[in-house]
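One structure is given here, and the rest of the page talks about it.
Chain identifiers are assigned alphabetically (A, B, ...) following the order of the sequence lines, protein sequences preceding nucleic acid strands; residue numbering begins at 1 within each chain.
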Amino acid sequence: MPVPALVGLTGRLRIDIGSEVASMIEISDGAVAVKPGDGEADAVAICDSAETAAALRRGHLNPIVAILQGRLSLQGDPAFAIKVMLGLRTMRPDARG
Amino acid sequence: MPVQTVSILDGNEFVVSDIRGDLEATPTDNHGLFRDDTRFLSRWILTINGQRPMLLSINDLAYFRIRFFLALATGTVYVDSHLSVQRQRSVGRRGFHEDIILFNHAHERADLEVRLEAAADFADLFEVKDKVEKKGECYRGVDSGRLVLRYERGTYRRETVITSSEPAEMRDGALFFQVRIPPHAQWSTCLDVAAISRPHHGDAAEARSRRTHSAHASGHELETNLQDWVAGAPKLNSTWAPLEHIYRRSLVDLAALRFRNPAVPGALPAAGLPWFMAIFGRDSLITSFQALPFVPELAATTLRTLALIQGRVIDPFREEEPGKIAHELRLGEMTAFEERPHSPYYGSADSTALFLVLLDEYERWTGDRALVAGLEREARAAIEWVDHYGDRDGDGFIEYERQNTQTGLENQCWKDSGDSIVFADGTLAPTPRGTCELQGYVYDAKLRTARLAREVWDDADWADRLERQARDLKQRFNEAFWIPERGFFALALDGRKRKVDALTSNIGHLLWSGIANKDAAESCARHLMSDALFSGWGVRTMAAGEGSFNPIGYHVGTVWPHDTSIIAWGLRRYGYRKEAARLAWGILEAAELFHHRLPEAFAGYAREATMYPVEYPTACSPQAWATGAPLLLVRTLLGLEPHGEHLVIDPCLPEPIGRLELLDIPGRWGRMDAFGRARLVQ
């Protein structure tokens, strides 16, 4: 089931924890799949910890706050990464109040 | 900006110092090197043999570069010094560069101790005016000949790195140089102060910056970039020479206010120096609108950036709602730790409609269908916000009431001070409030979005619905907001749906947006040009005689140039061309007297009483939408309006301007020239 906030978006966001590859988030016109493994990605979100990475995947992360705090940095296409991370926030049960 | 300070800037990096070039931050003197809403240097004081040199002169070379000429005082009335000092400072690329040159004009050798005191409080901009106890730890040390000042709070780290080309002893909070200058010779050192937001984070760009940083080199880039920026904009010539200076000043100040972010190519206008060097939705949108005929690229970046951070979830702390356009984004510590909601903050009720207005206006001017096509989802989401969140109670009007009662804005219209929405007798209107201009913006936004729906997004059904909604809104607005006994529209509907009956400049925005019926517009035009509202220099935010009127009240009596520029365009829209020209002339005359740079606001005293516009003490300068005001006024005077593939030119100039030409106006027509001659008798 596509995430409405990600419809129209296609690409891959890799999540690293430090220098270790953790997972890959694949977006296909809004459909989200989280897979293990590395590979080419449109952007990489480098997390400082497993907790940050988990929060990102679950949509509990405000990426701007995380970047400002130094818990997250981005490589590659930052606009794509931000769209994905902000879109994932809509998957939370409380996203629409 | 107090005259005792000088500043240089480039986007969200700026340095505020005293007139000698020293930084000595106090709660009242907000000196510093600022970047990303953080003060990276709060103390930077030059002494020579324990004495601070006195100022001879300042060369304001460019917005990013300044030169101070100083000398050591001798204790007499005359400057009979044998030692002079030059400090040349330029900002850019994560900090600033400073050359200090000492000249020994004596017959004897000079042995000197040069001391540069350096300290950083890493204050968030929200903390700058109040001395707030920091929650992290500060460090200072020497690393490979560099003075390193650091702040850490968990994973949050900020660092200032100071290097000198001449060897310096670093101790006791300062850099010490033991200098020996032969007779009639000079000594110099080049200092680099780097402000680093993410040290040790594997950020390649930041690491390179630490090793090879040179704001000195970036100064040359900025000079070239500025020349290209001005050269690429239309050329303005006028028989009223001050207008040429005002125009150039606007272009240069807009260049200075360009704010870049790594996620979106290009730059958008930050809101103003010193406290608003950030992405502000409303300010960036309006400034981009004003600048469209001149530097349309600002609008493209503004639209893309605001679309990227458009609201997606419900978050009462940040007042985020799906589809809502952001009010403000900040990058300092208080935002990082969510002590402030600016990550981003969405507390404005007008930015969403203004986003749609700019999107349409941008396409009308540039023909850039690719950008508009790419923002269809965001536009639809914005309309959804207007209908389902903006209208909080289903009465068909937009109203606001803050959800973040701790740190959110009480007023979420452009007049966002606490006392701006009042009745004629001065009584504060209870929330929720639906100010009149919000409804006008929505009306305009729906009509414009309908055009895009029809012509770009191929959705004629949606276009039809939007147009019906707009017509319905116009009818209801003209009934619900009109005050027949006073002959103007209410400032707002209050929490009890009463008409807030103060006479304010907001009615001019209704003409800009087109929501006012023709006869109502006529009455509003008379009020706007009356002595109560028009000071002779510009339109007051509130009419003289109203209960809360105060000529130096922030939103209740001062004149805001951007406000008058929008009103002038609105008058013109309804056919009041001479009135529009008269308003434009008042503001442009004021601009001349402000040394060609309009401030954010100035006092609303009557022109007859003052003979010159009176400064408003806490105004920002340069301020983006004040900088854009002359541009919109030039457009108004020349009557520039895109119509299909053509540019319509319909000038109406005040007599003192004489002749005005604007050459190489960019647009979907390529480049076009516009000419106008005054035919009025003043």
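- Atom OG1 of Thr90(A) sits about 12.0 Å away from atom CD1 of Ile314(B), to the nearest 0.5 Å.
- Checked options Thr38(B), Asp36(B), Leu331(B); the residue passing with Leu68(A) is Leu331(B) (criterion: side chain to side chain contact (heavy atoms under 4.5 Å, CB included)).
- For Arg89(A) against Val313(B), the heavy-atom pair with the smallest separation is O-CG1, 3.6 Å.
- Between atom CZ of residue Arg312(B) and atom CG of residue Leu6(A) there is a gap of 8.0 Å, rounded to the nearest 0.5 Å.
- Few gaps surround CG on Asp393(B); more than 12 heavy atoms of other groups in view lie less than 6.0 Å from it.
- At a 4.5 Å heavy-atom cutoff, Arg153(B) makes no contact with chain A through either its backbone or its side chain.
- Within the 4.5 angstrom heavy-atom criterion, no atom of Arg304(B) approaches chain A.
- Only the side chain of Ile64(A) comes within contact range of chain B, with heavy atoms under 4.5 Å apart.
- For the pair Gln69(A) (side chain) and Thr155(B) (backbone), a donor-acceptor distance under 3.5 Å is absent.
- Once rounded to the nearest 0.5 Å, the distance linking CD1 of Ile309(B) with NZ of Lys83(A) reads 13.0 Å.
- Taking CD of Glu338(B) as the start and CG of Asn62(A) as the end, the distance is 6.0 Å to the nearest 0.5 Å.
- The CG atom of Leu86(A) sits 7.0 Å away from the CG atom of Leu308(B) when rounded to the nearest 0.5 Å.
- Proximity to chain B among residues 9-34 of chain A is not found for any residue, judged by heavy-atom separations below 4.5 angstrom.
- If you measure heavy-atom distances from Glu320(B) to chain A, the contacts under 4.5 Å come from the side chain alone.
- Across every non-hydrogen atom of Ala263(B) and Pro78(A), the tightest pair is CA-CG, 3.6 Å.
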